[in-house]
Amino acid sequence: MPELPDVEGFRRTLASCAQGHRVARAEVADPGVLHGVTARRLKRDLEGRRFAAPRRHGKWLIAPTDGPTVVLHFGMTGRLVCGADSEPAGRFQRVAFDLDDGHRLGYEDQRKLQGIWLAATDDDIDRIIGDQGPDALSLSRADLDRLLAGRRGRVKATLTDQAVIAGLGNLLGDEILWHARIHPRRTVNSLTDDERDRLHTALREVLRASVRAERVPDDPDWLTGRRDDPDPHCPRCGNPLRRGRIAGRTSLWCPHCQREDA
DNA sequence: CCGTATGTTTCATT
DNA sequence: TAATGAAACATACG
C-alpha cells in the first residue's frame with residue numbers, strides 16, 4: 001500500500017488523532033517492528049509525552065513529541081489507524097499508543113519489512129531515513145531537470161530511487177510514465193525536453209489526484225485500475241498492456257502509447 | 001512447493 | 001562512479 005499518497009494520509013491520521021495529546025500508554029505487541037530501541041525504552045521515553053505536528057518526507061513519517069521523535073516507515077503492508085482504545089486490536093497491530101483522550105493510534109503491519117525508530121536529535125532522524133532526494137510533492141520542472149541531469153539509468157528506476165526523488169514507488173512510477181507516454185525502460189539521458197515536460201506534468205497530476213485519494217486511485221481510466229485484471233488493456237488505446245521486470249519490480253506499460261524507441 | 005505482493009538494503013558484477 | 005540484478009528481510013495468498 002504505502003507510497004507518498006498513503007503516507008500523507010497516515011500523516012493526517014496522526015495529526016487529527018494524536019497531535020496535542022499525551023501518550024498515556026505505549027503498547028508493544030510485537031517488538032519485531034522496533035529498530036534500535038527496546039520495547040521497555042520506547043515505553044519509558046514516550047509515555048507521558050505529547051505529540052506535536054507530524055511531517056512527512058517521501059515515504060517516511062516523522063512524528064515529534066515534547067520528548068523524542070517517532071520515525072515510521074510502512075514497508076509494503078504497514079498502516080496507521082486511529083480508533084477508540086476500547087476497540088479490539090487488529091491481528092497485525094504491532095504497536096499502539098493509547099492517548100489521554102481515549103483514542104488509540106495503532107501501527108499495523110503484516111509483513112514487518114520496516115517499522116518504528118526513536119530519534120533524540122535531528123542527526124538521528126537523518127541517519128535513520130538515509131539519503132533522500134527532495135519530496136516528490138514539491139518538485140518543480142527545474143528541480144526535475146537538475147535531478148535527472150547527468151544520469152544514464154532507466155527512467156523507471158530513477159523515478160523510484162528514493163535518493164533521487166523521495167516518495168514514488170512501483171505503482172506511482174508506472175502510472176506517471178503511462179500518463180507521460182514514456183516507456184519505463186527508456187534511459188534518462190535519452191529523454192527530450194518535451195518528454196521531460198510531459199514527465200513533470202504527469203508527476204504533478206498523478207500525485208495531486210493520488211494525495212487527494214490517499215492512494216493511487218483504483219480508477220478504470222488509470223493504468224493502476226487495470227493492474228489486477230487477468231488480461232489488462234490500455235484505458236487510452238485499448239491495446240493489451242505488457243508486464244516486465246524493471247529495477248527488480250514488476251512494471252506494467254502500454255507498448256502502443258509508450259514506445260521504447262521514440 | 002512455487003510465484004507474487006504498493007519497500008529497502010546489501011552484495012557482486014557490469 | 002553509476003548502474004543493474006539477485007538475494008535477503010517477514011508474511012499471506014492463490
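Fair warning: this is a prediction, and the values are worked out from it, not measured in the lab. When reading the values below, keep in mind they use all heavy atoms of this one structure, side chains included, and skip hydrogens, waters and symmetry mates. By convention in this document, chain letters (A, B, ...) are assigned in the order of the sequence lines, proteins followed by strands, and residues within each chain are numbered from 1.
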- Within this structure, what is the CZ-to-P distance between F10(A) and dT6(B), rounded to whole angstrom? 15 Å
- Task: In whole angstrom, give the distance that lies between atom CE of M76(A) and atom P of dA8(C).
- Result: 16 Å
- Is any side-chain heavy atom of R154(A) less than 4.5 Å from a side-chain heavy atom of P184(A)? no
- Message: Looking at R227(A), I'd like to know whether one of its side-chain N or O atoms comes within less than 4.0 Å of OP1 or OP2 on dA5(B).
- Response: no
- Message: Within the 4.0 Å heavy-atom criterion, would you say R243(A) contacts the bases, only the backbone, or no part of the nucleic acid?
- Response: nothing
- Message: Using whole Å, what does the distance between atom C1' of nucleotide dT6(B) and atom CZ of R111(A) come to?
- Response: 10 Å
- Which one, dA12(C), dG7(B), dG5(C), comes nearest to the side chain of K59(A)? dG7(B)
- Message: Taking any heavy-atom pair under 4.0 Å as a contact, classify T224(A): base, sugar-phosphate, or nothing.
- Response: nothing
- Considering every strand shown, what is the Watson-Crick or G-U wobble mate of dA10(C) when both distances are under 3.5 Å? none
- Message: Under 3.5 Å, is there a donor on one side chain and an acceptor on the other for T187(A) and N189(A)?
- Response: yes
- Message: Between P on dT9(B) and NZ on K112(A), what's the gap in Å once rounded to a whole number?
- Response: 19 Å
- Query: T77(A) side chain N/O closer than 4.0 Å to the phosphate oxygens (OP1, OP2) of dA5(B)?
  - Reply: no
- Item | R111(A) side chain reached by Q114(A) side chain, heavy atoms, under 4.5 Å | no
- How far does the P atom of dT8(B) sit from the matching atom of dT1(C), given to the nearest Å? 24 Å
- Task: Would you mind telling me which residue lines up with the more 5' stretch of DNA chain B, Q132(A) or R245(A), judged by nearest nucleotide?
- Result: R245(A)
- Query: Which residue, V70(A), D124(A), I128(A), forms the side chain to side chain contact (heavy atoms under 4.5 Å, CB included) with L118(A)?
  - Reply: V70(A)
- Taking atom P in both dA3(C) and dT6(B), compute the distance separating them and give it to the nearest angstrom. 24 Å
- Message: Nearest whole Å is fine: how far is dT6(B) C1' from D6(A) CG?
- Response: 7 Å
- Query: Does a side-chain N or O from R154(A) land closer than 4.0 Å to OP1 or OP2 of dA3(C), or not?
  - Reply: no
- Any luck finding a side-chain donor-acceptor pair between R245(A) and T250(A) under 3.5 Å? yes
- Query: L113(A) has an atom CG; how far is it from atom P of dA12(C), in whole Å?
  - Reply: 12 Å
- Look at all strands and tell whether R152(A) reaches a base, only sugar-phosphate, or nothing, counting heavy atoms closer than 4.0 Å. sugar-phosphate
- Task: Between dT11(C), dT4(C), dT6(B), spot the one nearest the side chain of A157(A), thanks.
- Result: dT4(C)
- Query: Hey, does the side chain of H73(A) come within less than 4.0 Å of dT8(B)'s phosphate (OP1/OP2), counting only N and O?
  - Reply: yes
- Message: Would you say D143(A) and S140(A) are linked by a side-chain donor-acceptor pair, where the criterion is simply a distance under 3.5 Å?
- Response: yes
- Message: Without decimals, in angstroms, what is the distance between H35(A) NE2 and dG7(B) C1'?
- Response: 12 Å
- Task: Mind calculating the distance between CD (E108(A)) and C1' (dA10(C)) to the nearest angstrom?
- Result: 17 Å
- Query: So which nucleotide from dA3(C), dT4(B), dG7(B) ends up closest to the side chain of R151(A)?
  - Reply: dA3(C)
